[in-house]
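Heads up: the structure comes next, in C-alpha cells.
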Amino acid sequence: MKAAVLTHYNKENTNLEIRDISVPIPNENEVLVKIYSAAVNPLDNMIVRGEVKLIVPYKMPLILGNEFSGVVEKTGTSVTRFNIGDRVYGRMPLSKIGTFAEYAAIDENALAIVPDYLTHDEAATVPLTALTAMQAFEIMNVKADESVFISGGTGSLGAMAIPVAKSLGLRVYTNGSADNEERVKALGADRFIDYKKENYADVLSNVDYVLDTLGDKEIPNEFKVLKEGGKLVSLRGMPNGRFAKRVGLSPFKQFLFKIAGSKYDKMAGLKNQTYDFIFVHEDGRQLEQIGKLFNAENPLETSIDTVFTLAQVNEALEKVKQGRSKGKTVIKIAE
C-alpha cells in the first residue's frame, strides 16, 4: 500500500515521503480499515516539528495522520463491535497514528459508525473536534445551568462544542466576527460577542468555565472573566503538571511539564481557579455519543476548504501550516 511517511523531525517542517509498504495485519482487538479520507490538522505539523515528542515519543519512520473515515475490510478475532463493510471514523490511538495511508489497523475501541448523512470527506473532519469538546467538558466536570465561555467559537471546534455544551445544559457565550453571529446562535450560543465592537473581557464576568482555543495572548483575559474557583481548559496553552499526571506520564515528565505550565498555574492560583491543557485521545464511545446528539434533521456541521490527493500530502500540510482556511483540509485516499 502507499503511505506518507515521516523519516525525521525538523523544526522548520520537512516533506513526507510516499512509500510502498505492507498492508498492516490487525491483531485480535483491531480492525483493518481501508482509509477513504483523512483530515489534516495543525497537530500533524506539530508532530513533524517534534513539538509533541515529550507527550508521545514516536519512532521513525512514522506514517502520519490522526483522523479519518473509511470502511472495515477485516476484523480481529476478538472484535465484537464492527463488521466487514461498516463505514467507520475515528481519531487514531495516540501510540499508533497513521491515517495518511491506504490502510490502517486500528483498535476497535477507537472507532464509531459514520452517520449515514455524512460523506467520507465530511466524516473525516469530525473526530478531533468532537472528542476535544467531549473531553474538555469531561475534564471540567460541568454541571447543568452553569456557564461556559468558548473563545473564538466561530470555527470548527465551536461548531461542535456549542451544541455539545447545550446538550449538557450549559449557558454558552462565545465571540467572533459578526458575519458568524446568526450561524453560531443557531447552534445554541446564548450570547455572541462581536469582537470588533466589544472585548469579551469587558462584558463577561463570573463565568463557570472557559474553553480556550486562542492560546497564550488571551489566557490572562480568559482568567479575568472566570469566576473564583472556575475552571479553564486550553487547547493552545502549555501542558502543565496536572496534564502530565492525568495522562500518566513519567515522574520526570511530570516535573518538566510542571515547570513549563507554571505561568498558567500561577495565574489560576490567584483566584483558586484551575488550568488544564488537553491533548485529545481516541474514544469510540464518545464519538458514538456525538452521533446520538446529531441526526439528518440536526446534522453535524462540517466545513471543508480543500481536498488533496495522497500524492499532494505535503501541499496539504503546508496549507494547514499557513492557516486562514475556511474549513478543514482533507486528503482523499480512495473513492
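None of the values given here were measured: they were computed from a predicted structure. As a basis for the values below, the full set of heavy atoms in this structure was taken, side chains included, without hydrogen atoms, waters or symmetry mates.
Applying the salt bridge (charged side-chain N to carboxylate O under 4.0 Å, His left out) test to D190 and every residue at least two apart in sequence or in another chain returns K166. In terms of the salt bridge (charged side-chain N to carboxylate O under 4.0 Å, His left out) criterion, residue partners of K2 (sequence neighbours excluded) are, by chain and number, D20. Applying the side chain to side chain contact (heavy atoms under 4.5 Å, CB included) test to T302 and every residue at least two apart in sequence or in another chain returns L118, E122, T125, V126.
No single ILVMFWY cluster, assembled from side-chain heavy atoms under 4.5 Å apart, contains both I35 and V114. There is no path of hydrophobic side-chain contacts, each under 4.5 Å, that joins L157 to I193.
Counted within 6.0 Å of CD1 on I25, heavy atoms from surrounding residues, nucleotides or ligands total 12 or fewer; the atom is thus considered open. Within 6.0 Å of CD in E182 there are 12 or fewer heavy atoms belonging to other residues, nucleotides or ligands. The environment of CG in N298 is crowded: more than 12 heavy-atom neighbours from other residues, nucleotides or ligands sit within 6.0 Å. For OH of Y117, the number of neighbouring non-hydrogen atoms (other residues, nucleotides, ligands) closer than 6.0 Å is greater than 12. Crowding of K74 atom NZ: a count of heavy atoms from other residues, nucleotides or ligands under 6.0 Å not exceeding 12. Within a 6.0 Å radius of NZ in K321, other residues, nucleotides and ligands contribute more than 12 heavy atoms. Counting heavy-atom neighbours within 6.0 Å of K271 NZ, excluding the residue itself, gives a total above 12.
Between F279 and F243, the ring planes are perpendicular. Angles over 60° get that label, and only those under 30° would be called parallel.
Heavy-atom minimum distance, T154 versus V184: CG2-CG2, 3.8 Å. Of all heavy-atom pairs between A130 and L287, the closest is CB-CD2, 4.0 Å. Listed here is the closest heavy atom pair of M238 and F277: O-CB, 3.7 Å.
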Practice problem: Could you give me the CA-CA distance, side-chain angles and deciding distance for R183 and E301, then say whether salt bridge (charged side-chain N to carboxylate O under 4.0 Å, His left out) is met? | Solution: CA-CA 10 Å; R183 178 179 63 84; E301 182 172 302; 2.8 Å; yes

Quiz item: Under the ring-ring contact (aromatic ring centres under 6.0 Å, His included) criterion, do Y89 and F68 qualify, and how do the steps go?
Solution: CA-CA 6 Å; Y89 66 157; F68 69 95; 8.2 Å; no

Exercise. Would you sort out whether I21 and I63 count as a side chain to side chain contact (heavy atoms under 4.5 Å, CB included), showing the intermediate values?
Key: CA-CA 10 Å; I21 61 176; I63 302 174; 3.3 Å; yes

Practice problem: Test K328 against N41 for side chain to side chain contact (heavy atoms under 4.5 Å, CB included), laying out the working first. | Solution: CA-CA 8 Å; K328 280 286 191 82; N41 294 276; 3.2 Å; yes

Exercise. Take N66 and T99, measure what side chain to side chain contact (heavy atoms under 4.5 Å, CB included) needs, and give me the verdict at the end.
Key: CA-CA 6 Å; N66 284 275; T99 64; 5.6 Å; no

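Side chains of S69 and H120: a donor-acceptor N/O pair is present below 3.5 angstrom, by distance only. For the residue pair Q286/Q135, the side-chain donor-acceptor check at 3.5 Å is satisfied. Judged purely by distance below 3.5 Å, without hydrogens or angles, the side chains of D121 and Y36 never pair a donor atom with an acceptor atom. No donor-acceptor contact under 3.5 angstrom links the side chains of R285 and N109, judged on distance only.
Here the CD atom belonging to E222 is positioned 11.5 Å from the CD1 atom belonging to I150, to the nearest 0.5 angstrom. In this structure, OG1 in T306 is found 11.5 Å from CD1 in I331, a value given to the nearest 0.5 Å. Here the OG-CD distance, from S37 to E67, works out to 11.0 Å after rounding to the nearest 0.5 Å.
At least one donor-acceptor pair under 3.5 Å links the side chain of E108 to the backbone N or O of T80. D212 places a side-chain N or O within 3.5 Å of a backbone atom of L214 that can act as its donor or acceptor partner. Side-chain N or O atoms of N45 include none that pairs as donor or acceptor with a backbone N or O of P42 at under 3.5 Å. Remark: side-chain polar atoms of R81 are paired, donor with acceptor, to backbone N or O of L111 under 3.5 angstrom. For S151 (side chain) and T213 (main-chain N/O), a donor-acceptor pair under 3.5 Å exists by modelled atom type. Using a distance-only test at 3.5 Å, with no hydrogens or angles considered, a donor-acceptor pair links the side chain of N240 to the main chain of Y275. Side chain of R91 to main chain of V280: a donor-acceptor pair is present (N/O by atom type, distance under 3.5 Å, no hydrogens or angles).
Salt-bridge annotation for E218 and R236: absent, with no side-chain N of the basic residue lying under 4.0 Å from a carboxylate O of the acidic one. Between K231 and E146 there is no salt bridge, since no side-chain nitrogen of the basic residue lies less than 4.0 Å from a carboxylate oxygen of the acidic one. A salt bridge links D208 with K227: the distance from a Lys NZ or Arg NE/NH1/NH2 to an Asp or Glu carboxylate oxygen falls below 4.0 Å. Ion pairing of K96 with E30 is present here, as a side-chain N (NZ or NE/NH1/NH2) and a carboxylate O approach within less than 4.0 Å. Look at E288 and K292 and you find no salt bridge, because none of the NZ, NE, NH1 or NH2 atoms lies under 4.0 Å from a carboxylate O. Using a cutoff of 4.0 Å between basic side-chain nitrogens and carboxylate oxygens, D265 and K258 are not scored as salt-bridged.
Residues V5 and L62 have side chains not in contact (no heavy-atom distance under 4.5 Å, counting atoms from C-beta outward). Counting heavy atoms from C-beta outward, H8 and T14 have side chains that approach closer than 4.5 Å. Side-chain contact between I113 and R87 is absent, with no heavy-atom pair separated by less than 4.5 Å. The closest side-chain heavy-atom distance from P115 to N295 is not below 4.5 Å.
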